[in-house]
Amino acid sequence: MQSTMNRDDFAQQVREAIDIVDVVSDQTRLARRGKRMLGLCPFHKEKTPSFSVDPDQGLYYCFGCGAGGDAMGFHMQITGDDFRLTLETMARRFGVAIPEQGMKPSGPNLDGVLDAAAEFFVEQLKQSPFATRYLDRRRIDPQLSDAFGVGFAPDGWQHLNDALGSRFPVAELEAAGLVGRSDSGRLYDRFRNRLMFPIRSTSGRLVGFGGRTLGDDRAKYVNTSETEAFRKGKILYGLDVARTKIREAGKVLLVEGYFDVLGAVASGVEWTVASMGTALTTEQATMLTRYADEVILGYDGDRAGEEAARKAVSILLGGGVGVRRARFPAGQDPDSLRLEEGPDVVRQTIDEAPDAVLLEIDRIPPDASQDPRRAAAAAEPIAALLQRVPDELMRREYAKRAAGRLGVADDLLLRAPAPQTRRGRSEETVERESAPRRIAETESMEHQVLRLLIAGARPELPLPAEAFWDAPCRLLFSAWQAAVLDEEHDRDLKTAVLHLATGSEAAALELLARLTLTPSGSDPVNEEGEDDEERGLSDDDLAQLDGLLLNLEQRYVRHENRRLRDALNEAQRNGEEELVERLIEQKMKLSQRLHG
């Protein structure tokens, strides 16, 4: 039985076993409200809970940012894991046996080869006095290097290939970025004479490596080639180790490289991650905002570090977090400062990190106000930065400070409306509008119809799924037909969506969560704690549904009439008499349907 189970059956078993409250509670605290659970959204910063979970249906939805779906989708969005790994992770967590056959991915399975390579590199480090002496000189003790899985790739062309070549196909070694081929076709190890840093996803899955040369290579750092699982712009080095400490501290130190992370941790700053030397991306910033309220930038104190920090400040402010910048001396970073001045100085530098926006304001030349051109030039980047600050009070205080140095009225710096906020709106409204995605204030006809159908309406008017133009709506309507109208299959709506599997299932599940958990289009639970769905459908609701269905049908018929007219003209031009007759017959039936 186990060996013959297909992927769909296994996935369904896992979904049935998952407790969505248990999964979501890893990321945010939930409190019961009626039949549902409510908490702060883990995908955007907010003070008023807008994140709703329905334990019975296994769905979640945030009516602030629009994130929604089932527990599998939640795990994938939080961790960045792909579907296969998420399926196996959830199976192990909730006690579902993983089939031995039938679950192999379509492409190379890189998990096994990467894990084996990590073990190889760790063992090589233990056997290399040269590499261990280097770590000793940098005062990285074995306990710390073990915690991060640091290893060593020995100098030579075939060591890794010889060790793993008999266990894994060459194609997997190449796909994992561990070996390459010369022009003559000879295999060689890509990492040679390098300290090896395993790079893991938030959930701890090994996705790649970074190697730091211990020789005179021109490339100081080399990473494995990017794969579907390993995208440097979507991963933060050390987050899998630091995320618990970050949550406890409420802040995170963001640095540039592997040794900066180790050096900061060795200094007692355990809530440290790195963007692996690349410029900070919006994806990485979003990951940080899930865990911390404040980000401290610990970039190098050189010109490149200063420029990188300024760009990062703008990105992070847009995520609604506070941003400070640790002022390391020129040419220093957390690790080099630790080696020269000691851990206490590193911690002090981080603790005393000034506000990042004020630092930018302080860069305005003192005499800028004496020259209108210089004042305008200095004001432009400050005004742009202020628009990234979501808190209106803070934005105004920053503007006053900057205006004083520029010799202008602070309203000039605030004249452009701040993105994602509007003056005079309530704090709760501002929170919702500064979320990553906005929900449309008025629902489409298709959404309104589906909301009423999900709430229990059973209309008499037959309607084809093609009447729904939006793909997720079309899939959800087809699933409703299968779950409700097909008496031969006993499926709930979520299962029906997954069973149809048209490629729009993730979006359809998100829509299902939205329409189910926020039936009124606003607060998922009313002031008395009563779920909207418990109030039932009124006569007005049913009358509204009849009108909406009629409008959808007429829209569909008009569209089909135009399509048939064009096809008929084409068939007449081509002299296809039989096709012309069929199209005329179809067009007459549609016209009768449209005009009654």
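Being a predicted model, the structure only gives us computed values, none of them experimental.
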Check your understanding: Is it true that a side-chain atom of Arg325 and a backbone atom of Ala356 form a donor plus acceptor pair closer than 3.5 Å?
Key -> no
Review point. Do Ser52 and Arg33 have a side chain donor and acceptor closer than 3.5 Å?
Key: no
Check your understanding: So do Met287 and Leu239 actually touch side chain to side chain, heavy atoms under 4.5 Å?
Key -> yes
Exercise for review: Scan Val53, Leu30, Asp70 and name whichever one has a side-chain contact (heavy atoms from CB on, under 4.5 Å) with Ile20.
Suggested key: Val53
**Study point:** Minimum side-chain heavy-atom gap Leu236-Val252 below 4.5 Å
**Key:** no
Review point. Looking only at atom types and distance, does a side-chain atom of Arg139 sit under 3.5 Å from a main-chain N or O of Ala266, one as donor and one as acceptor?
Key: no
Practice item. Could you tell me if the ring centre of Tyr60 sits under 6.0 Å from that of Phe51? Key: yes
Check your understanding: Run the salt bridge (charged side-chain N to carboxylate O under 4.0 Å, His left out) check on Arg93 and Glu88 step by step: do they pass?
Key -> CA-CA 9 Å; Arg93 178 168 179 170; Glu88 293 180 359; over 6 Å; no
**Study point:** Nearest-0.5 Å distance, CD of residue Gln348 to CG of residue Leu337
**Key:** 10.0 Å
Review point. Between Gly210 and Ile199, which heavy-atom pair has the shortest distance, and what is it?
Key: N-CD1, 3.7 Å
Review point. Between Glu256 and Gly305, is there a donor-acceptor pair closer than 3.5 Å when you use the side chain of the first and the backbone of the second?
Key: no
Practice item. Report the C-alpha separation of Asp217 and Arg192 in whole Å, then their side-chain angles, then the decisive distance to 0.1 Å, and conclude whether the salt bridge (charged side-chain N to carboxylate O under 4.0 Å, His left out) test is met. Key: CA-CA 10 Å; Asp217 296 47; Arg192 303 179 301 279; 5.4 Å; no
Exercise for review: Give a yes or no on whether Arg32 atom CZ has more than 12 heavy-atom contacts from other residues, nucleotides or ligands under 6.0 Å away.
Suggested key: yes
Check your understanding: Taking only residues two or more places apart in sequence, or in another chain, which ones meet Phe328 in a ring pair (Phe, Tyr, Trp, His ring centres under 6.0 Å)?
Key -> none
Review point. Going through the checks in order, is the side chain to side chain contact (heavy atoms under 4.5 Å, CB included) test met by Ser225 and Arg190?
Key: CA-CA 10 Å; Ser225 302; Arg190 288 196 62 196; 2.9 Å; yes
**Study point:** Gap separating the CG atom of Leu262 from the CD1 atom of Ile140, nearest 0.5 angstrom
**Key:** 4.5 Å
Practice item. Would you sort out whether Thr86 and Phe74 count as a side chain to side chain contact (heavy atoms under 4.5 Å, CB included), showing the intermediate values? Key: CA-CA 10 Å; Thr86 297; Phe74 180 88; over 6 Å; no
**Study point:** Sidechain-backbone polar pair: Arg212 side chain, Met196 backbone, donor-acceptor under 3.5 Å
**Key:** no
Review point. If we only count heavy atoms from C-beta on, is the Asp351 to Thr349 side-chain gap below 4.5 Å?
Key: no
Study note, to complete from the structure: Heavy-atom closest pair (Arg388 atom, Ser314 atom, distance to 0.1 Å) is NE-O, 3.0 Å
**Study point:** Phe121-Phe197 aromatic ring centre distance below 6.0 Å
**Key:** no
Practice item. To the nearest 0.5 angstrom, please state how far the CG atom of Leu214 sits from the CG atom of Leu135. Key: 8.0 Å
Exercise for review: Taking the side chain as every heavy atom from C-beta outward, state whether Arg405 and Asp362 have any atom pair closer than 4.5 Å.
Suggested key: yes
Review point. By side-chain hydrogen bond (donor to acceptor under 3.5 Å, both in side chains), which residues pair with Asp335, not counting sequence neighbours?
Key: Arg138, Arg338
Review point. Would you find a donor on one side and an acceptor on the other, under 3.5 Å apart, between the side chain of Ser275 and the backbone of Leu280?
Key: no
Check your understanding: What heavy-atom pair brings Ile382 and Ala402 nearest, and what distance separates the two atoms?
Key -> CG2-CB, 3.8 Å
Review point. Is the shortest distance from a Lys or Arg side-chain nitrogen in Asp355 or Arg324 to a carboxylate oxygen in the other one below 4.0 Å?
Key: no
Review point. So, do Val323 and Val357 sit near enough that their side-chain heavy atoms are less than 4.5 Å apart?
Key: no
**Study point:** CG-OG1 distance between Leu254 and Thr272, expressed to the nearest 0.5 angstrom
**Key:** 9.5 Å
Exercise for review: State whether the number of non-hydrogen atoms from other residues, nucleotides or ligands found under 6.0 Å of Glu380 atom CD is greater than 12.
Suggested key: no
Practice item. Decide yes or no on side chain to side chain contact (heavy atoms under 4.5 Å, CB included) for Asp260 and Tyr299, but give the supporting numbers first. Key: CA-CA 9 Å; Asp260 289 344; Tyr299 289 0; over 6 Å; no
Review point. Does Thr213 reach the main-chain N or O of Gly215 with its side chain, forming a donor-acceptor pair under 3.5 Å?
Key: yes
Revision key, fill the gap. Rounded to the nearest 0.5 angstrom, the CZ-CD1 distance for Phe94 and Ile18 is 6.0 Å
Check your understanding: At what distance, to the nearest 0.5 angstrom, does CG of Asn223 lie from OH of Tyr237?
Key -> 11.0 Å
Check your understanding: Salt bridge between Glu306 and Arg310, side-chain N to carboxylate O under 4.0 Å?
Key -> yes
Review point. Is the Phe148-Tyr258 ring centre distance short of 6.0 angstrom?
Key: no
Practice item. Give the minimum heavy-atom separation between Thr79 and Ser201, together with the two atoms involved. Key: O-CB, 4.1 Å
Exercise for review: Verify, without hydrogens or angle tests, whether Ser267 (side chain) and Val346 (backbone) share a donor-acceptor contact under 3.5 angstrom.
Suggested key: no
Point to revise | Minimum-distance pair of heavy atoms, taken over all atoms of Val113 and Ala176 | key: CG1-CB, 3.8 Å
Check your understanding: Quick one: does Arg36's side chain have a donor or acceptor within less than 3.5 Å of a partner on Asp54's backbone?
Key -> no
Point to revise | Under 3.5 Å donor-acceptor, Arg200 side chain and Arg205 backbone | key: no
Review point. So do the side chains of Val255 and Val261 get within less than 4.5 Å of each other, counting heavy atoms only?
Key: yes
Review point. What do the steps show when you test Asp293 against Lys251 for side chain to side chain contact (heavy atoms under 4.5 Å, CB included), and what is the final call?
Key: CA-CA 6 Å; Asp293 297 317; Lys251 55 189 174 182; over 6 Å; no
Practice item. Give me the one residue out of Leu517, Leu512, Leu511 that meets side-chain contact (heavy atoms from CB on, under 4.5 Å) with Leu515. Key: Leu511
Check your understanding: By side-chain hydrogen bond (donor to acceptor under 3.5 Å, both in side chains), which residues pair with Ser336, not counting sequence neighbours?
Key -> Gln332, Asp333
Practice item. Could you tell me whether the side chain of Thr516 and the main chain of Ala513 form a donor-acceptor pair under 3.5 Å? Key: no
Check your understanding: Does the pair Arg243/Asp26 count as a salt bridge with the N-to-O cut at 4.0 Å?
Key -> no
Review point. Given Gln284, which of Thr282, Thr281, Thr286 fulfils the side-chain contact (heavy atoms from CB on, under 4.5 Å) condition?
Key: Thr281
Practice item. Using a 4.5 Å cut-off on heavy atoms from C-beta on, say whether the side chain of Phe152 contacts that of Tyr134. Key: no
Review point. Do Thr89 and His75 come close enough that some side-chain heavy atom pair is under 4.5 Å?
Key: yes
Point to revise | Minimal non-hydrogen separation, Phe43 against Cys65, with atom names | key: CB-SG, 4.2 Å
